Amino acid sequence: MRSKWAGAAMLGLMVGASPAFAQQPSMEELMRRIDALQQRVNELERERRPQRPAAVAAPAPAPAATPAPTRSAAPRAAPAPPAPVTTAAAPATAPAPRTPEAVRAEVDEALRGSLDGLAMRIPNTDTTVRLYGFLRLTAYRDFNARNPTDAASVQGIPLTARNTQPGDGDITARSSRFGFDTRSDTAWGRLDTTIEGDFRGEIVQGGDLAFRIRQAFAELTRDDWSYLLGHTNSLWNEGLTEALHDATNLNQSFIRQAQFRLSHRFGGNWTLQGSVESSFGDILTQNGPALSPVRFDGGATPAFDQMPDLLARLTWRDGAEEYVLRGLFRQLSLEPDGTTLGPRPSESTSGWGLAAHSRLPLGKWISALGRDELMLMGYYGEGIGRYFAGNTFGQGGISDIITATGMDYSLDSVPSYGATIGYRRFWSDFVRSTVSYAYARQDFPSSIRFAAGSNGALARNREMQQVIANLIWSPFADRPSSRMPFGWLDLGLEYVFSRRDLEDGAAAVGANGVGHGIANRLLAVGIVRF
């Protein structure tokens with residue numbers, strides 16, 4: 001048994017992660033619970049020891065002897081019946097001895113949680129706490145211009161001939177992650193909470209690492225309804241293909257933001273969800289993107305958030321087979337007054353997007369393909385830049401507010417569309433590969449032109465492409481769980497090819513420029529989950 005103080009520390013930590021409105025026991029109460037648990041274990045240990053036999057009461061004394069009659073006496077009467085022999089009451093049947101294994105099983109059952117992995121139930125409560133996460137080591141090598149980040153997006157790869165340094169590489173563990181889950185049974189339903197973070201918050205690029213919160217939310221589930229509050233993945237998110245490159249790859253979305261979400265399950269396979277999510281203005285200008293929470297040109301930003309984003313998602317799922325339709329609506333606004341660009345009137349425009357994808361288990365139709373999967377995704381939208389951070393972050397809208405003369409200027413949402421196809425091949429239960437191709441395009445309005453070589457001109461990517469191919473070995477794939485479908489260890493190699501082409505091509509770069517960039521990267525990754 002661990003010491004009481006170690007148990008108290010563990011329980012104190014776990015209770016700290018339980019829901020805020022749940023009653024929080026004091027340290028004295030925690031110590032009392034630990035003492036009670038220790039006392040129960042001691043009782044079980046005593047019960048399993050051999051019991052000493054109960055003492056038998058002494059027999060009753062024999063009756064006094066009667067003098068023998070003489071021959072002349074009257075005939076002998078019939079002998080008196082023997083006196084009953086008094087004995088002690090039979091002892092109650094002693095409980096069967098308990099083995100150490102039985103004792104441990106009872107204690108384990110008392111602490112067994114409703115979550116898999118490193119989880120336990122807090123004694124005398126209906127709350128389970130789990131610690132989860134992974135350690136990740138990534139090594140990469142570039143074979144084109146230097147791009148010093150392990151999370152290179154397609155829209156920001158160096159342009160050919162603008163960066164004369166050769167490709168380099170690095171090794172980092174900053175993507176390692178850990179989090180706490182809790183699950184509680186309440187009078188209103190099942191309550192799940194999550195707090196999760198990693199070390200991808202850089203103090204300076206390429207410098208010291210900083211811990212950051214990735215998710216912090218609570219979700220209440222009652223019957224077929226769920227209600228979520230907090231900071232977590234957007235309903236628009238979809239990492240369709242398995243990739244080791246830990247970046248927001250082309251046509252993938254990994255936006256996490258504050259939101260309220262409502263979900264309803266019906267018909268066995270259907271789920272309908274809607275959310276009200278935090279907004280984040282992103283408007284491209286000649287001097288680069290104006291973002292609502294970031295200062296612009298040394299002063300206040302003109303990009304404003306005046307209404308939350310509205311999202312919806314419809315999912316049909318049966319095992320590994322899945323079909324999803326998702327959509328969003330948002331507003332983009334410019335308020336130049338009080339900035340270096342004012343005074344000018346305000347402008348606003350709307351953004352919207354639709355996307356659909358399918359995940360097809362090919363073995364369902366062709367048995368020889370076993371667990372192989374085909375993934376397909378397509379989307380179209382206007383003003384959805386930030387929801388595809390690897391494609392068009394900072395380009396939800398576009399404005400000539402810097403280059404326009406007088407009071408008039410324009411603000412337009414940027415149309416964008418694209419598609420992804422991926423195939424995952426299971427060579428065995430322990431080895432798998434994924435190959436994917438993604439294409440994306442932006443159609444910028446012809447009425448807006450930025451000066452060659454400006455930040456705005458170098459960010460206007462007209463077309464982007466990406467190819468990813470990997471080989472992953474999971475030696476413990478025969479020990480899956482809901483959180484670790486391929487076991488606790490992944491070792492893999494991956495090749496990533498990316499290309500971007502600028503609007504107006506070489507003319508956007510300037511004299512002797514090349515209007516495209518190409519990146520070739522090789523990665524080696526090890527992931528240990530817990």
Side-chain angles (χ1 to χ4, degrees), residues 147 149-158 174-175 177 198 200-202 205 212-215 231-241 243-259 275 277-284 288-294 301 303 305 309 311 313 326-328 330 332 351-355 357 377-398 413-420 436 438-442 444 455-456 458-466 468 496 498-500 517 519 521:
N147 194 7
T149 173
D150 62 320
S153 64
V154 180
Q155 73 165 4
I157 63 175
R174 71 178 185 139
S175 293
R177 181 186 310 170
D198 65 13
R200 294 197 63 88
E202 290 182 321
Q205 183 171 352
R212 65 170 185 174
I213 292 292
R214 298 184 78 253
Q215 301 189 80
H231 183 94
T232 187
N233 291 299
S234 169
L235 273 187
W236 185 263
N237 278 17
E238 192 57 61
L240 188 62
T241 58
L244 297 175
H245 188 213
D246 195 21
T248 305
N249 294 312
L250 195 64
N251 293 348
Q252 292 182 339
S253 179
F254 296 125
I255 297 296
R256 294 177 299 277
Q257 56 197 11
Q259 61 188 273
S275 63
E277 304 190 10
S278 174
S279 56
F280 187 106
D282 60 327
I283 299 170
L284 185 64
L291 307 175
S292 57
V294 181
T301 178
D305 298 327
D309 294 355
L311 294 95
R313 185 182 183 107
R326 61 190 194 271
L328 68 88
R330 63 186 300 231
L332 297 164
W352 62 273
L354 291 172
H357 79 256
M377 191 276 285
Y379 71 92
Y380 179 87
E382 297 181 4
I384 61 175
R386 77 182 186 91
Y387 282 94
F388 285 116
N391 307 18
T392 57
F393 181 75
Q395 301 175 36
I398 188 169
S413 56
V414 177
S416 59
Y417 54 90
T420 298
S436 65
Y439 172 85
R441 180 182 174 96
Q442 279 72 247
F444 295 97
N455 290 335
L458 299 180
R460 299 206 316 171
N461 296 304
R462 183 185 69 246
E463 290 183 329
M464 287 165 284
Q465 302 177 70
Q466 188 174 61
I468 297 177
V496 181
S498 304
R499 174 174 175 137
R500 67 176 176 125
R521 172 169 287 190

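What you see is a predicted model; the values in this text were computed from it and never measured.
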Legend entry - Main-chain N/O of Gly383 paired to Arg330 side chain as donor or acceptor, under 3.5 Å: yes
Legend entry - Closest contact, heavy atoms only, Gly418 versus Asn251: C-ND2, 4.1 Å
Legend entry - Test: Arg386 and Asp309 ion pair at under 4.0 Å: yes
Inset, instruction - State, to 0.1 Å, how close Leu332 and Gly397 come at their nearest heavy-atom pair, and which atoms those are. - result: CD1-N, 3.7 Å
Inset, instruction - Indicate yes or no: at least one non-hydrogen side-chain atom of Gln442 is less than 4.5 angstrom from one of Met464. - result: yes
Legend entry - Glu382 CD to Trp352 CH2 distance, which is reported to the nearest 0.5 Å: 5.5 Å
Inset, instruction - Starting at CG of Leu235, measure out to OH of Tyr387 and round the result to the nearest 0.5 Å. - result: 9.5 Å
Legend entry - Contact summary for Ile384 and Ser416, nearest pair of heavy atoms: CG1-OG, 3.6 Å
Inset, instruction - Could you tell me the separation between the OG atom of Ser275 and the CZ atom of Arg326, rounded to the nearest 0.5 Å? - result: 12.0 Å
Legend entry - Criterion side chain to side chain donor-acceptor pair (under 3.5 Å) on Glu238 and Ser253, from CA distance to verdict: CA-CA 5 Å; Glu238 192 57 61; Ser253 179; over 6 Å; no
Inset, instruction - State, with a plain yes or no, whether a side-chain heavy atom of Ile255 is found less than 4.5 Å away from one of Asn237. - result: yes
Legend entry - Rounded distance (nearest 0.5 Å) linking atom OG of Ser292 with atom CG of Asp282: 8.0 Å
Inset, instruction - Give a yes or no on whether the backbone of Phe254 and the side-chain of Asn233 come within a donor-acceptor separation of less than 3.5 Å. - result: no
Legend entry - Main-chain N/O of Leu291 paired with Thr301 side-chain donor or acceptor, under 3.5 Å: yes
Inset, instruction - Applying salt bridge (Lys or Arg N to Asp or Glu O under 4.0 Å), name anything that partners Arg214, two or more places apart in sequence or on another chain. - result: Glu196, Asp198
Inset, instruction - Please assess Tyr380 against Leu354 for the test side-chain contact (heavy atoms from CB on, under 4.5 Å), listing each intermediate value before the final yes or no. - result: CA-CA 6 Å; Tyr380 179 87; Leu354 291 172; 5.9 Å; no
Legend entry - Separation of Gln257 CD from Ser278 OG (nearest 0.5 Å): 5.5 Å
Inset, instruction - Mind telling me whether Phe388 and Trp236 have parallel, tilted or perpendicular rings, with 30° and 60° as the class edges? - result: perpendicular
Legend entry - Shortest non-hydrogen contact from Gln466 toward Asn249: OE1-CB, 3.3 Å
Legend entry - Test: Arg174 and Asp246 ion pair at under 4.0 Å: no
Inset, instruction - Look at the side chain of Gln395 and the backbone N and O of Ala459, then say whether any donor-acceptor pair between them is shorter than 3.5 Å. - result: yes
Inset, instruction - Check whether any side-chain heavy atom of Arg460 sits under 4.5 Å from a side-chain heavy atom of Leu284, and report yes or no. - result: yes
Inset, instruction - Heavy atoms only: give me the nearest Ala303-Ala290 pair and the separation to one decimal. - result: CB-O, 3.6 Å
Inset, instruction - Would you mind reporting whether Leu328 and Glu277 have side-chain heavy atoms less than 4.5 Å apart? - result: no
Legend entry - Ser234 vs Leu311 side-chain heavy atoms within contact, under 4.5 Å: yes
Legend entry - Pairing residues for Phe280 by the ring-ring contact (aromatic ring centres under 6.0 Å, His included) criterion, not counting sequence neighbours: Phe393
Inset, instruction - Have a look at Ile468 and tell me which of Val496, Thr241, Leu244, Leu250 forms a side chain to side chain contact (heavy atoms under 4.5 Å, CB included) with it. - result: Val496
Legend entry - Non-hydrogen side-chain atoms of Thr392 and Asn461 separated by less than 4.5 Å: no
Inset, instruction - Check whether any side-chain heavy atom of Arg499 sits under 4.5 Å from a side-chain heavy atom of Glu463, and report yes or no. - result: no
Inset, instruction - Provide the closest heavy-atom pair for Val154 versus Ser498 in the form atom of the first, atom of the second, distance. - result: CG2-OG, 3.9 Å
Inset, instruction - Give, for atom OG1 of Thr420 and atom CD of Gln252, the distance between the pair rounded to the nearest 0.5 Å. - result: 7.5 Å
